[in-house]
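Given the structure is predicted, the values throughout are model-derived calculations rather than measurements. Just so you know, residue 1 is the first one in the sequence shown, and it goes up from there.
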Amino acid sequence: MSLHRVSSMSSYEHVRGSSPARSEHKNMSFNPVGKWVPPAAKEEPMGAFEVSKSKRILQVALAVIYCLLAAGVVFGYAAIKPVLVKEGVYREFCSDAEEMKHDRERTCYEQEIRLNFMFTTAAVATNVVALPVGTILDKYGPRVSGIIGSILLAIGAILFAFATQLPFDAYIPGYLFLALGGPFVFIPSFQLSNTFPQHSGLILALLTGAFDSSSAIFLVYRLIYSASHEHFSPQRFFLIYLVVPIFIFLVQIFIMPAKSYKTVGELITQAENTTAEDDYNDYGTEDTAQRRHLQEVRRQHRESVVSEMTSLLGKSGTKQQRAEEKKQNISGVWGALHGRSALEQIRSPWFVLITVFTVLQMTRINYFVATIRTQYEYMLDNYSQAELVNHVFDVALPAGGILSIPFIGLVLDNFSTTFVLTLLVTVATAIGILGALPYLWAAFANIALFVLYRPLYYTAVSDYAAKVFGFHTFGKVYGLIILTAGLLNLSQSGLDALTHKAFHGDPLPVNLVLLVAVLVVGAILVGFVWYQSKHMKRDCLEEEAEEAQGTPIPPATTTNGRA
């Protein structure tokens, strides 16, 4: 759940007065919900210098810990699915229950469909809930959002723990609540990057790495389950897991800030407004001595605040600003639709193409996560090899998210958007080809590419949205892209049914259709962006030429200053 490759949180945003057209930077994300950095909350945010350094360090450390334990646990589905199968979850829906009892590690059609639907629902919810999380965060602050997240996680853990004893199917709503709780604790944590603006990139990397690693929680449980000879039941695990939401709740109440920390731009605005207020304030008194005393007190307070802000922000603002401008120029599409209304942007090919591409890719990614074992069991015709592939994937998925962090930054900061999109389409095609080969080496190569590609893909989409549509409408436009992709991911259940019923368990036809669709849409998207970037570059050169022609040449002067 998991924003700005285009501009880091530590960039200096020069904001004059209270102009509504102020520069506003967000940070990009490489997780399903994107790294969303909220605008100023309705309740006035506070400056990080108002809180002690040790407490801010503690807040960041605790946020990393609880994001590691809760932010994206549902994406460890491939690891917990074998446990649920061995525990007989949904086995009662199998047509030949007696025969299935002799093989507890394999699924029948009805069981497979229901288990995968559990994950599909959770994946969709993770994307859809990002919008209400943002609204609640803006209105009530990060503490309320975190508390809501802890409650949702607790409900999910309780439902899963007592699913076998409840009179209704509690597995799907249980997994759903775990999915809903993740963004509520993850998204608000990104405002903590403002605790130390000079190190915001490191803080964002830690939080993002924690999100990606959280999928390993179910892997750890599966290993314990196997080591205990299957005695460590899901009920025991999820009852123990209740410690996590309780921990999050207590941390939110006693340690985490109730209000978001101010961004760099807001801090600079505060300093400017403080100076302006001091310059024009007569302090309501005609007594000269008293007015001078109040002015001196105010001056000392202002200097103290500015000194603390300077210490917090450092002195690298100009250097960082130039670096950001360089990245914007490299992108080739920066500002393509900046200043347009959200409706105009949504109606444009820029939006339609990236949305269709995202729908196809997200469906393909989640379909692979949910069905990796059954796919390779069919293609390799060897259950033990398919199990090995599944185990390797369980470890590689969280590791890939962490290892890809520096690689993603390097690609997005130093290459054009056209190149990035071309890379996405190329790697996606390679993954599709490897996924169609019935060999063990191809399976491992497929996993290696997939776990590195997934975070790059999610980050690249949010990066594209920021560069093309701008920050003023970023929340609406990017949110709609992810929302649309999330809702259409419900088609994954149809793909499961098609694979098992129409193709008798063969995943190749579905994978080939998805591969061709991604390749065609991706090629159109790359071609469109390439053409538009060339257009934009030419228009920019023409504008510069016109400005140069319109600039008068100053007359030559002699040594005495006369022409």
Side-chain angles (χ1 to χ4, degrees), residues 30 32 75 77-78 116 119-120 123 353-381 385-386 389-390 392-394 396-397 400-401 404 407-408 411 418-461 464 485-486 488-489 491-500 502-529:
F30 45 92
F75 293 99
Y77 171 75
N116 290 347
F119 171 72
T120 301
L353 289 173
I354 195 64
T355 301
V356 175
F357 186 67
T358 302
V359 167
L360 291 171
Q361 283 294 75
M362 195 177 291
T363 300
R364 190 176 173 196
I365 288 171
N366 291 334
Y367 177 68
F368 183 75
V369 171
T371 62
I372 181 171
R373 179 175 294 202
T374 53
Q375 283 196 41
Y376 280 106
E377 184 178 349
Y378 183 93
M379 288 193 297
L380 300 176
D381 195 23
Q385 288 186 351
V389 170
N390 197 158
V392 170
F393 178 75
D394 294 339
L397 185 62
S404 63
F407 165 73
I408 290 172
V411 171
T418 302
F419 175 85
V420 172
L421 292 174
T422 303
L423 179 64
L424 290 180
V425 176
T426 302
V427 177
T429 303
I431 290 173
I433 294 173
L434 288 171
L437 301 178
Y439 307 108
L440 191 60
W441 66 265
F444 292 146
N446 189 21
I447 290 173
L449 275 181
F450 179 89
V451 299
L452 293 174
Y453 175 82
R454 178 174 172 266
L456 172 63
Y457 164 74
Y458 282 118
T459 311
V461 172
Y464 171 99
L488 292 180
N489 255 236
S491 63
Q492 184 183 317
S493 296
L495 297 180
D496 279 341
L498 195 63
T499 299
H500 288 277
F503 304 117
H504 309 290
D506 185 359
L508 185 60
V510 170
N511 284 332
L512 287 178
V513 170
L514 290 175
L515 169 62
V516 172
V518 167
L519 182 58
V520 171
V521 174
I524 295 173
L525 174 62
V526 169
F528 173 80
V529 172

Partner of Asn446 under side-chain hydrogen bond (donor to acceptor under 3.5 Å, both in side chains), chosen from Tyr439, Trp441, Tyr376: Tyr376
Thr363 vs Leu495 side-chain heavy atoms within contact, under 4.5 Å: yes
Centroid-centroid distance, Phe393 to Phe368, less than 6.0 Å: yes
Ala517 versus Leu360, closest heavy-atom pair with distance: O-CD1, 3.7 Å
Distance-only donor-acceptor check, side chains Tyr77 and Asn116, under 3.5 Å: yes
pair Phe119-Val369: side-chain heavy atoms closer than 4.5 Å: yes
Nearest-0.5 Å distance, CD1 of residue Ile354 to CD of residue Gln361: 9.5 Å
Thr499 and Tyr367: side chain donor to acceptor below 3.5 Å: yes
Closest approach of Ala428 to Leu515 (non-hydrogen atoms, all atoms of both residues): O-CD1, 4.2 Å
Exercise: identify the closest heavy-atom pair between Asn511 and Gly435: ND2-O, 4.5 Å
Closest approach of Gly522 to Val425 (non-hydrogen atoms, all atoms of both residues): CA-CG2, 3.6 Å
Atom of Leu437, atom of Ala442 and distance for their closest heavy-atom approach: CB-CB, 3.7 Å
Where Asn366 and Ala123 come nearest, the two heavy atoms and their spacing: ND2-CB, 3.7 Å
Name of the residue among Leu421, Ile524, Val420, Thr422 meeting side chain to side chain contact (heavy atoms under 4.5 Å, CB included) with Val529: Leu421
Rounded distance (nearest 0.5 Å) linking atom OG1 of Thr358 with atom CG of Leu525: 8.5 Å
